[in-house]
2 protein chains.
Amino acid sequence: MSTLSTKERILNSTEKLIAEHGFAELSIRKISQRAHTNLAAINYHFGNKQQLIDQVLERRLNNLFDIRKNMLDELNQGDPKKVCNLEQILHAFIAPALFMINDEHQGGRIFMQVLARAYAEQSEALHDLMKDRYTPIIKEFAEAIGLACPDLPRETIFWRFHFIIGALTYTMGHFGATSVARQMPEEEYFEKSVAELIEFAKAALSV
Amino acid sequence: MSTLSTKERILNSTEKLIAEHGFAELSIRKISQRAHTNLAAINYHFGNKQQLIDQVLERRLNNLFDIRKNMLDELNQGDPKKVCNLEQILHAFIAPALFMINDEHQGGRIFMQVLARAYAEQSEALHDLMKDRYTPIIKEFAEAIGLACPDLPRETIFWRFHFIIGALTYTMGHFGATSVARQMPEEEYFEKSVAELIEFAKAALSV
DNA sequence: ACGCAATTCAAACGACTGTTTAAATCAATT
DNA sequence: AATTGATTTAAACAGTCGTTTGAATTGCGT
């Protein structure tokens, strides 16, 4: 049916179905139907439904975290104590997430809706992934921001960064919805979102 | 069993079950069991499951919007063109939402997790409610912020306010989780959240 | 071309889903 | 006390759910 393997087709159709209709209506029958395969293929390749969902989340999140980490390391040049430019730090954190959304070919926007829903549902697998991979990188970014904003107390940095993550998460999850309401072309609106969010974060950290 | 009516007990148990286990595991059998009533009582009082969920959302959202609107009108003194203090405007928007969270007696924190989940699931009923009631009030606040920040372009106001709403929504949805991680008493942490979020929003609108 | 392992498939399992039906119970009015 | 309407109940309905089973099929190394 396609050049992709059964396993890949299952992962893709799962992602699309979650984005389109949420977790509530997600069934392995619909998944297998959309992936042009059999019911039992899912249990064969992934064990059970939950482990399939976990792998959908992991597949892209690991990628996002790697990109963020690499961009920060490039600024750092391997030295966590190096003082970097605030805008570049924020760019390294924000841009990969939003670029992933705009990567229509790879279904990035779809994934962000999936992620937003899994986050709200407080998925256990997602929580574990966050603790193991996300939190350490968050801390690295917080450290870098602290060095770039020497006038702000450590505690303030924590709070402001927390709120910036909130603004980013909200924007990612509602990107499709808001872009419809705008009158500019979607591509233009996307780039505007990235720029405005970075400007917003800079302003929030400047006082 | 209780002083509350069957209808109220159903609404409350629904809210609690969504907050505890999400929409995925929500069944009218569990709801009726927890409300100490019969299966068919739900269909009798609410028509069907979806209309029950809709009423759970509406019950509290209408209340939140009313409070916000009243607080803004008090600042305005009924005149939408009156220039108000930025901090007071932000307080009128942010505080009612966070106070609702802290109202443990009325189950406010529970509701905010419900709201976060419904929002992620892109509930149709919630979307309609937003369009009819939320959007107009958002616009009123945006107007008031615009008057309070004469140096910022109208478009910038739009973006920054959008991000502030994101930070607020994120904080509401994850309040339970983050408060566990903090070492200060919960009550203190709550008040700190409100103050920090208002300071954050002020900073984000000051440049 | 054979044999073995990996993969795919149809079918069935038991459990759970939302909703409907009609009978039973309750509360209030005449 | 009888009657009426509102409420609650138990039971059944027709689907869908995730998972398992064992047979059929495929593809690859020999």
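Note on naming: letters A, B, ... go to the chains in the order of the sequence lines (proteins, then strands), and numbering restarts at 1 for each one. Computed from heavy atoms alone, side chains included, the values below leave out hydrogens, waters and symmetry copies.
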Practice prompt. Classify the ring geometry between A:Trp159 and A:His162 as parallel (under 30°), tilted (30 to 60°) or perpendicular (over 60°).
Written response: perpendicular
Worksheet entry | Under 3.5 Å donor-acceptor, A:Ser13 side chain and A:Ile31 backbone | yes
Worksheet item: What residues form a side chain to side chain contact (heavy atoms under 4.5 Å, CB included) with B:Arg68, not counting sequence neighbours?
Response: B:Leu64, B:Phe65, B:Phe93, B:Pro96, B:Ala97, B:Tyr134, B:Phe141, B:Leu168
Worksheet item: For D:dT8, does either OP1 or OP2 sit under 4.0 Å from a side-chain N or O belonging to B:His36?
Response: no
Worksheet item: Who passes salt bridge (charged side-chain N to carboxylate O under 4.0 Å, His left out) against B:Arg29, sequence neighbours left out?
Response: none
Worksheet item: To the nearest angstrom, how far is A:Ile53 atom CD1 from D:dC17 atom C1'?
Response: 13 Å
Fill in: For atom OH of B:Tyr44 and atom P of D:dA10, their distance in whole Å
17 Å
Discussion item. Could you check whether A:Arg34 pairs with A:Glu20 (Lys NZ or Arg NE/NH1/NH2 to Asp/Glu carboxylate O, under 4.0 Å)?
Written reply: yes
Worksheet item: Got a sec, which residues hit side chain to side chain contact (heavy atoms under 4.5 Å, CB included) with B:Asp132, two or more places apart in sequence or on another chain?
Response: none
Practice prompt. Kindly check if the number of other-residue, nucleotide or ligand heavy atoms within 6.0 Å of CD (A:Glu74) is above 12?
Written response: no
Worksheet item: For DNA chain C, which nucleotides open and close the run of contacts to chain A, 5' to 3', at under 4.0 angstrom from a non-hydrogen atom?
Response: C:dA6 to C:dA12
Practice prompt. For each nucleotide in nucleotides 18-24 of chain D, reading 5' to 3', give B when a protein heavy atom comes within less than 4.0 Å of its base, S when such contact involves only the sugar-phosphate, and - otherwise.
Written response: BBBB---
Response to the item:
Rounded to whole Å, CZ of A:Phe23 lies from C1' of D:dC17 at a distance of 17 Å
Discussion item. My understanding is that only residues two or more places apart in sequence, or in another chain, count here; which of them pass salt bridge (charged side-chain N to carboxylate O under 4.0 Å, His left out) with B:Glu25?
Written reply: none
